[in-house]
Amino acid sequence: MIDLYKKRSLGTFCSEVLLLVVSAFIYSIAFPGFVSEKGLGFIAFFAIIPVLIVIKNTSWKAVGFHGFLFGVAFYCFFNYWLPNFHKGAIVIVTVIKGTEMLILFFALKGAVTLFKKHGYLLQGFIWISYAYLSESWFAGYPYGTIAYALYRYLPLIQIAEYTGIWFIIYMIIAPQAYIANNLADRVKRQGDRFLVYVKKNLLFPIIYVAVFIVWLITGTIQLSYWENAKEDRTWRVATIQHNHDSWQGGLTTYRRNFSNLRRLSLEAIRQNPDIVVWSETAFVPSVSWHMNYSYEGAGDTLGNAETAELVKEFVSFAEELDKPLLTGNPTGVLKDPTKGPIDLETGELNRTDYNSVILFDDGTIKATYNKQHLVPFTEHFPYQKQLPWLYNILVALDYNWWEKGDEPVVFESDGVKFSTPICYEDVFGYLPAEFVKNGADVIVNMTNDRWSGSADAAVQHATIATLRSVETRKSTVRSTNSGQTCMILPTGKIVDPVEQFKMTYHIYDVPVYESATYGHTFYVEHIDYLAYASIYISAIALIVGLALNILRRIKK
């Protein structure tokens, strides 16, 4: 019977709190951070054991608090750099992740309470479900997902081409749940010694070890295959890292940034790249808006003649560059297509903007991609009517709202098909997979992590992106304002990372693996199928287990 009112001592409660905080710190070390520049990924295989022990032994009244505490503590250690973005950001993130962990802890405790002998098997699926659902809603934020701790263990992440990160999560969580199931009983002096426990429950370790060996061997074979795979062609990409302080704006800043971007691009062009790539919103004035409207005489009327002049300089430079130029640049469009650039009734600017990437070539914008997965609270907030008080706070903080794109655009330049996830869009597996499914053969991530002021923040972002290359078996080029500019091979290996916080450029000879030659990966064809299956398994098992528990109580 589930005892919701079991009395426990204050000392026990405090010891659980202390253990969870220490575990949160240890777990954070598995990732790149202030303790380890690259992270100690192997820690992920045992860091959660104490957490699962606490979950099993604590009361139902305390488990929710413990989940919230663990979520807050972990993200304070892991995302310690968030206050550089805004002091409120660390509060928003930790409260959201703490709430998600609160729900997770209830579900994990339900698994071992309803299925006392083999609940640990269910806990692995529950963790997958949590990881997927926590990144799938409006405020989805996959930073800290346990699978990404293994980004440097290349043989172990090759399976992502078939399963995404979800199988990796199960293989990390399940053995810890198995061990914690016994240790939790030992803490209460109720369980068998560990070796006796293993003998009684021998099937799981046998199967796990066998699966792990297959996982390792097949991963090594896949790694060798892709290390030796012959690319269809090489695409020479010049990435420009202009190291602009993201918190500075205004026309003077935009002009200075353009001057630096132009100078670095002209230096890079001497090495004969196929394309020049700037970063997210590297050039701020909307090229499309000014080409469509300011050039028609609306510049002076709108009070932005100087901005329009800067856009003209950009267009002139891009034409003289004689190479395709790919840059982050807001796309301004008419908010009301039936009216002109100025609403004659109100006298206000009739404009709305997308966070976009434009491909400029032959004196015109060849194609545009509008960001689909906007950053919650700072780029997008869809709950103005439901939460007007929060919306007004965000408006007062002067956050910039963007319109949301809805198309996985594939660019083409010199015969190379590529797509451009913007900023943290490359931390979501489904987006690059959709780009590739739509025809992209290279992923070009346009990022501005300079705002964080932290090298660790940029590295954490880049390490997550490694799994996108494995899932799609496409090369990734990351062109950033400051970090982490690099190339990622289809194996997940990071190549030639550029020194952060340095104004420079780098040329990458990107291997292009065309889908016409290599086909699509299983993951691209069946995006996140294992996550969906885990959600169904978890939900059905918990519902059935609860129903059976109620029936047993009724019979008693």
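We count residues from 1, following the sequence as given.
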- Under the side chain to side chain contact (heavy atoms under 4.5 Å, CB included) test, residues paired with Val284 that sit two or more places apart: Tyr254
- Value for CG (Asn84) from CZ (Arg450), rounded to nearest 0.5 Å, stands at 10.5 Å
- Message: For a 4.5 angstrom cut-off between non-hydrogen side-chain atoms, does Glu514 reach Glu231?
- Response: no
- Message: With no hydrogens and no angle check, just 3.5 Å: does a side-chain donor-acceptor pair link Asp528 and Trp166?
- Response: yes
- Under the salt bridge (Lys or Arg N to Asp or Glu O under 4.0 Å) rule, what pairs show up with a residue in residues 457-480, not counting sequence neighbours? Glu161-Arg473, Asp426-Arg478, Asp441-Lys474, Arg468-Glu471
- Message: For Ile535, give me all partners under side chain to side chain contact (heavy atoms under 4.5 Å, CB included), at least two apart in sequence or on another chain.
- Response: Ser129, Tyr132, Leu133
- salt bridge (charged side-chain N to carboxylate O under 4.0 Å, His left out) between Lys371 and Glu379, intermediate numbers included: CA-CA 10 Å; Lys371 188 175 183 180; Glu379 292 184 339; 2.9 Å; yes
- pair Ser419-Phe411: side-chain heavy atoms closer than 4.5 Å: no
- Item | Of all pairs that satisfy salt bridge (Lys or Arg N to Asp or Glu O under 4.0 Å), the ones with a partner from residues 320-334, not counting sequence neighbours | none
- Does a sphere of radius 6.0 Å around NZ in Lys437 hold more than 12 heavy atoms from other residues, nucleotides or ligands, not counting ones at 6.0 Å or beyond? yes
- Message: Any non-hydrogen side-chain atom of Met291 less than 4.5 Å from a side-chain atom of Val315?
- Response: yes
- Verify the distance criterion only: is there a donor paired with an acceptor across the side chains of Thr485 and Gln241 at less than 3.5 Å? yes
- Take Ser246 and Asn448 through the side-chain hydrogen bond (donor to acceptor under 3.5 Å, both in side chains) test and state the conclusion after the steps. CA-CA 8 Å; Ser246 306; Asn448 178 9; 3.0 Å; yes
- Task: Start with the C-alpha distance between Ser279 and Ser479, add both sets of side-chain angles, then the distance that settles side-chain hydrogen bond (donor to acceptor under 3.5 Å, both in side chains), and finish with yes or no.
- Result: CA-CA 5 Å; Ser279 60; Ser479 185; 5.9 Å; no
- Query: Val277 versus Val477: any side-chain heavy-atom pair under 4.5 Å?
  - Reply: no
- Neighbour count >12 (heavy atoms, 6.0 Å) for atom CZ, Phe138: yes
- Note on the structure: Tyr148 meets the ring pair (Phe, Tyr, Trp, His ring centres under 6.0 Å) criterion, sequence neighbours left out, with none
- Message: Are the side chains of Thr234 and Val512 in contact, using a 4.5 Å heavy-atom criterion?
- Response: no
- Query: When you check the gap from the basic side-chain N to the acidic O, do Glu412 and Lys366 get nearer than 4.0 Å?
  - Reply: no
- Query: Strictly under 6.0 Å, is that where the ring centroids of Tyr354 and Tyr369 end up?
  - Reply: no
- Message: If I take atom OG1 from residue Thr239 and atom CG from residue Leu326, how far apart are they, to the nearest 0.5 angstrom?
- Response: 11.5 Å
- Rounded to the nearest 0.5 Å, what separation is found between the CG atom of Leu321 and the CG atom of Asp361? 9.5 Å
- Message: Just by distance, no angles: are the side chains of His244 and Asn481 close enough, under 3.5 Å, to form a donor-acceptor pair?
- Response: no
- Do Phe314 and Phe360 have ring centroids that are under 6.0 Å from one another? yes
- Item | Side chains of His520 and Glu525, donor plus acceptor under 3.5 Å | yes
- d(Ser469 OG, Ile488 CD1) to nearest 0.5 Å is 5.0 Å
- Give every residue pair that meets the salt bridge (Lys or Arg N to Asp or Glu O under 4.0 Å) criterion with at least one member in residues 270-286, sequence neighbours excluded. none
- Item | Criterion side-chain hydrogen bond (donor to acceptor under 3.5 Å, both in side chains) on Arg256 and Gln248, from CA distance to verdict | CA-CA 11 Å; Arg256 181 175 66 248; Gln248 294 183 9; 2.9 Å; yes
Can you list, pair by pair, the side-chain donor-acceptor contacts under 3.5 Å of residues 68-81, counting residues two or more places apart and other chains?
from	atom 1	to	atom 2	distance (Å)
Tyr75	OH	Tyr143	O	2.7
Asn79	OD1	Tyr141	OH	2.6
Asn79	ND2	Gln460	OE1	3.4
Tyr80	OH	Asp456	OD2	2.3
Trp81	NE1	Gln460	OE1	3.2

- Note on the structure: Rounding to 0.5 Å, atoms CG (Leu264) and CD1 (Ile240) come to a distance of 5.5 Å
- Is there any ring pair (Phe, Tyr, Trp, His ring centres under 6.0 Å) pair reaching into residues 482-507, and which pairs are they, with sequence neighbours excluded? His506-Tyr508
- Query: Could Lys404 and Asp406 be called an ion pair, given the rule that one side-chain N must be under 4.0 Å from one carboxylate O?
  - Reply: no
- Quick one: are Trp137 and Glu100 in side-chain contact, heavy atoms under 4.5 Å? yes
- Query: Taking the six-membered ring for Trp, are Tyr529 and Tyr162 ring centroids under 6.0 Å apart?
  - Reply: no
Please table the atom pairs, donor to acceptor, closer than 3.5 Å between any side-chain atom in residues 340-350 and protein atoms at least two apart or in another chain.
from	atom 1	to	atom 2	distance (Å)
Asp343	OD1	Glu345	N	2.9
Asp343	OD2	Lys339	NZ	3.1
Thr346	OG1	Glu348	N	3.2
Asn350	OD1	Lys335	N	3.4
Asn350	OD1	Asp336	N	2.9
Asn350	ND2	Asp336	O	2.9
Asn350	ND2	Gly340	O	2.9

- Message: Tell me every residue that passes side chain to side chain contact (heavy atoms under 4.5 Å, CB included) with Glu434, counting only those two or more places apart in sequence or in another chain.
- Response: Tyr430, Leu431, Ile527
- Ion pair check, Arg255 and Glu313, cut-off under 4.0 Å: yes
- Query: How about Asn329 and Thr327: does a side-chain donor come under 3.5 Å of a side-chain acceptor?
  - Reply: no
- Message: Once side chain to side chain donor-acceptor pair (under 3.5 Å) is applied, do any residues pair with Trp235, and if so which ones, sequence neighbours excluded?
- Response: none
- Item | Flag side-chain contact, heavy atom, 4.5 Å: His461 against Gln484 | no
- Query: Do the non-hydrogen side-chain atoms of Ile494 and Thr466 ever get within less than 4.5 Å of each other?
  - Reply: yes
- Just do the side-chain hydrogen bond (donor to acceptor under 3.5 Å, both in side chains) check on Ser356 and Thr331 with the steps written out, would you? CA-CA 6 Å; Ser356 306; Thr331 295; 2.9 Å; yes
- Task: For Thr352, enumerate each residue passing the side chain to side chain donor-acceptor pair (under 3.5 Å) test, keeping only those at least two apart in sequence or located in another chain.
- Result: Glu403
- Message: Working note: Phe283 + Phe258, criterion ring-ring contact (aromatic ring centres under 6.0 Å, His included); need CA distance, chi angles, decisive distance, verdict.
- Response: CA-CA 7 Å; Phe283 188 77; Phe258 174 60; 5.6 Å; yes
- Task: Give a yes or no on this: more than 12 heavy atoms of other residues, nucleotides or ligands lie within 6.0 Å of atom CD of Glu37.
- Result: no
- Task: Any chance you could measure Ile165, atom CD1, to Ile157, atom CD1, to the nearest 0.5 Å?
- Result: 11.5 Å
